[in-house]
There are 2 protein chains.
Amino acid sequence: MNGTTRIFQDYLKANRLKLTSQRKLILDIFISGSQLLTAEELFRQVSGIDPGISLSTVYRTFKHLQQAGLARCVHYGDGTTRYEPSDGQKSYLVCEKCGKKIPIINPYLECLQQESARQEGFRMFRSRTTIYGLCHECLKEHMPCQPQDATQH
Amino acid sequence: MNGTTRIFQDYLKANRLKLTSQRKLILDIFISGSQLLTAEELFRQVSGIDPGISLSTVYRTFKHLQQAGLARCVHYGDGTTRYEPSDGQKSYLVCEKCGKKIPIINPYLECLQQESARQEGFRMFRSRTTIYGLCHECLKEHMPCQPQDATQH
DNA sequence: CTTAATGCAAATGATTTGCAAATTA
DNA sequence: TAATTTGCAAATCATTTGCATTAAG
């Protein structure tokens, strides 16, 4: 059992949800696929294996995958919406004075990066964001002047 | 008349489209607003001034604004779609295959970065975002096999 | 057994479109 | 005057939901 599957199972357990055969199948196809799928497309693939599964279930399962942080949906300009596994995005705050490095977690940030990549026809694998500035402590010592904007753009 | 308005007028002229009072009003409200609006929201604002304007016209005008490169629509996880003026910051998309480097523009990204920094007591001076992936062209060549996961995680 | 999940069909809600009337160049 | 745009209402289309039934823990 791979990591993703474990995460999903943990999520289900934590929320008193059940691991049905449908959910298992949808998850498997979702993570094993090499390209981004539309709900319909994934539904068709899933149907090839278990013809009984409904489109509603695909949609419902996707919601859980999203909540578990395993999937995100990406909207395209052509009107389609595709679901993709979420991948490793790392963001850091770096203090220019003391060099402190603080990892930040901001799903919205990740979402927007995805969105930006998508808008350029890009398929994003991972991203690095480094935010340079002054940390709280160094800020106190520095406050008198305002080192702003000079470095921007 | 500001730059945006001029661009829009040029776009209209270039495409033999007409500058109607509705389009003018929608453009004005769109560019003057301080926040991202839903089609509905913008429609409501516009209606406050010219109650005759229809929602269809708002949608149709948006398409033109997008084509003119003045607006882009951003889909949110909450299901709303908001239209935002395209201007502002630069981060980069980097294609891992061909090395292409594309500057991306997403004011929201910057906004969120500011926000993240603030939450940690950080004062943000500048940021560098690099999004790694495959560009549209390389994506096509790669599709047959699955370039996935290797770089993932 | 108890609770949650499923499939189906019907409902929703955002966006689009056909068309006759109105407006722009 | 010719061509485009508008508003309206109806049509789409992806996604969601209600409900009776089935399956998981």
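In what follows, chains carry the letters A, B, and so on, assigned in the order in which the sequence lines appear, proteins first and then strands, with residues in each chain numbered from 1.
Taking the six-membered ring wherever Trp is involved, the centroid distance between the rings of A/Phe30 and A/Phe62 falls below 6.0 Å.
Checked by atom type and distance alone, the side chain of A/Gln9 never pairs as donor or acceptor with a backbone atom of A/Arg6 at under 3.5 Å.
Comparing B/Ala39 and A/Ser54, the nucleotide of DNA chain C nearest to each residue sits closer to the 5' end for A/Ser54.
Rounded to an integer number of Å, the gap from A/Phe8 CZ to C/dA5 P is 10 Å. We find that NE2 of B/His64 is positioned 7 Å from P of D/dT6, with the value rounded to whole Å. If you measure from atom CD1 of A/Ile53 to atom P of C/dC8, you get 11 Å, rounded to the nearest angstrom. In this structure, B/Asp50 atom CG and C/dA22 atom C1' are separated by 14 Å, rounded to whole Å. For B/Gln9 and C/dT24, the CD to C1' distance is 14 Å, given to the nearest whole Å. The separation between B/Leu65 atom CG and D/dT5 atom P is 13 Å, rounded to whole Å.
At the phosphate of C/dA14, neither OP1 nor OP2 sits under 4.0 Å from any side-chain N or O atom of B/Thr81.
The nearest pair of heavy atoms linking B/Ile26 to B/Val58 is CD1-CA, 3.8 Å. In terms of heavy-atom proximity, B/Leu12 sits nearest to B/Arg23 at CD2-NH1, 4.1 Å.
The stretch residues 55-63 of chain B touches DNA chain D through B/Ser56, B/Thr57, B/Arg60, each having a heavy atom within less than 4.0 Å of the strand. Remark: A/Lys18, A/Leu19 in residues 12-28 of chain A come within less than 4.0 Å of DNA chain D through at least one heavy atom.
A/Ile7 is listed as a side-chain neighbour of A/Leu70, based on a closest heavy-atom distance under 4.5 Å. Counting heavy atoms from C-beta outward, A/Lys24 and A/Phe8 have side chains that stay 4.5 Å or more apart. The side-chain heavy atoms of B/Tyr83 and B/Thr38, taken from C-beta on, include no pair separated by under 4.5 Å. Between B/Leu37 and B/Phe43 the shortest side-chain heavy-atom distance does not fall below 4.5 Å.
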Quiz: residues 49-56 of chain A side-chain donor-acceptor pairs under 3.5 angstrom, not counting sequence neighbours:
unit_1  : atom_1 : unit_2  : atom_2 : d
A/Asp50 : OD1    : A/Gly52 : N      : 2.8
A/Ser54 : OG     : A/Thr57 : N      : 3.2
A/Ser54 : OG     : A/Thr57 : OG1    : 3.1

